[in-house]
Q: 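Please see the structure below; I have some questions.
Residue numbers start from 1 in every chain, and the chains themselves are labelled A, B, ... in the order their sequence lines are given, proteins ahead of strands. Values below: every heavy atom of this structure, side chains too, minus hydrogens, waters and symmetry copies.
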Protein chains: 2
Amino acid sequence: MESQVEQHELTHPDADTVELTAVLAALAEPVRLKIVRTVAERAGDDGIRCLDVWQQGGFTASKSTMSHHYKVLREAGVVVMWWVGAKKNVRLRRELLDVRWPGLLDAVLAD
Amino acid sequence: MESQVEQHELTHPDADTVELTAVLAALAEPVRLKIVRTVAERAGDDGIRCLDVWQQGGFTASKSTMSHHYKVLREAGVVVMWWVGAKKNVRLRRELLDVRWPGLLDAVLAD
DNA sequence: CGAACTGTACGACGGTTATCGAACTCTAAG
DNA sequence: CTTAGAGTTCGATAACCGTCGTACAGTTCG
């Protein structure tokens, strides 16, 4: 059987309302930058599980800290997140970032 | 007569030691981002006077606040500053930024 | 010299942020 | 139903940051 229950419905900013300073601030934090790089490296077309990011990325931050950073990245417009059962998936919003600020994400990831 | 006195000798980080997170944090602040854009627009090859940035850029922040932001930009590696008499000049470190993170500065300035 | 101008250093303040543990919700599995 | 797993929220704490006014230092000009 399929569960149609959308348990919380994540909110994401529209492409128009995403602010450059918010994106830069989101990327300026070492843990968040590492999250973004791990997602960029390991995520497929349908994203990657947040848990896998944590496990494979070698993060030392606590669960609540990671949750906080994901929220910052999502509200800044850097990532999209959605539920898959009890787990969460995440992917970069390249289609947004590459249009609004071409070259920005690539420059940050190439380091 | 020429005054050989170098009144303080500004310190700038080497290209090797400049950190991406510091650059992003420096650019993530609205006033600093506006400073960078004003310098990028109006500075010639030998930079622009900080005073001109303040006057022509329409900044409302106080002197001490502006001085603080210039210091952050300089220590992050985003700008170079040097004395010309009693006034200070500033220019972007494009030769550094464009090599270390190609496309980053252009992306930020194109907005 | 003395006054005006340009910029820095310091201390204070208020607001923001990164971090954690504990309690909680929701889902999946037995 | 019960247990385990994944993730959020809340409260607390400590550190950081942007802002300003004041005091100060170096330069230029009369």
Q: Side chain to side chain contact (heavy atoms under 4.5 Å, CB included) for W54(A) and I35(A)? Distances and angles first, verdict last.
A: CA-CA 8 Å; W54(A) 189 85; I35(A) 291 176; over 6 Å; no

Q: Closer than 4.0 angstrom, basic N to acidic O: yes or no for D106(B) and R94(B)?
A: yes

Q: From the options dT6(C), dG18(D), dT9(D), select the nucleotide whose nearest atom is closest to the side chain of R32(B).
A: dG18(D)

Q: Could you work out which one of dT19(C), dT8(C), dT6(C) sits closest to the side chain of L51(B)?
A: dT6(C)

Q: Whole-Å distance between dG7(C) P and R74(B) CZ?
A: 13 Å

Q: Looking only at side-chain atoms of K71(B), point me to the closest of dG7(D), dA9(C), dT9(D).
A: dA9(C)

Q: State whether Y70(B) and K88(B) meet the cation-pi test: NZ (Lys) or CZ (Arg) under 6.0 Å from the six-membered ring centroid, and within 45° of the perpendicular axis.
A: no

Q: Can you measure H68(B) atom NE2 to dT19(D) atom C1' for me and round it to whole angstrom units?
A: 9 Å

Q: Between F59(A) (CZ) and dC20(C) (C1'), how many Å, whole number?
A: 17 Å

Q: Could you check how far CG of L73(B) sits from P of dG18(D), rounded to whole Å?
A: 10 Å

Q: Of the nucleotides dA6(D), dT8(C), dT9(D), which has the atom closest to the S67(A) side chain?
A: dT9(D)

Q: Taking atom C1' of dG5(D) as reference, at what distance in whole Å does atom CD of Q55(A) sit?
A: 11 Å

Q: Give a yes or no on whether a salt bridge exists between R100(B) and D16(B), defined as a side-chain N under 4.0 angstrom from a carboxylate O.
A: no

Q: Just one of K71(B), R74(B), R91(B) clears the side chain to side chain contact (heavy atoms under 4.5 Å, CB included) bar with M81(B), so which one?
A: R74(B)

Q: How far apart are the closest heavy atoms of V80(B) and W82(B), and which atoms are they?
A: O-CZ3, 3.8 Å

Q: Which sits closer to the 5' end of DNA chain D, K87(A) or K87(B), going by the nucleotide each is nearest to?
A: K87(A)

Q: Let me know the distance between CG of N89(B) and P of dT27(D), rounded to the nearest Å.
A: 15 Å

Q: Looking only at heavy atoms, which two atoms of A26(B) and L73(B) are closest? And how far apart?
A: CB-CD2, 4.0 Å

Q: Determine: side-chain N/O of H69(B) to OP1/OP2 of dT19(D), distance under 4.0 Å, yes or no.
A: yes

Q: Is there any protein nitrogen or oxygen under 3.5 Å from a nitrogen or oxygen in nucleotides 21-25 of chain D, and what are the pairs?
A:
unit_1  : atom_1 : unit_2 : atom_2 : d
dG21(D) : N7     : S64(B) : OG     : 3.3
dG21(D) : O6     : S64(B) : OG     : 3.1

Q: The side chain of A86(A) is closest to which nucleotide in this list: dA9(C), dG7(C), dA28(C)?
A: dA28(C)

Q: Between E29(B) (CD) and dT19(D) (C1'), how many Å, whole number?
A: 10 Å

Q: Distance check needed: dT27(C) P versus W83(A) CH2, whole Å only.
A: 9 Å

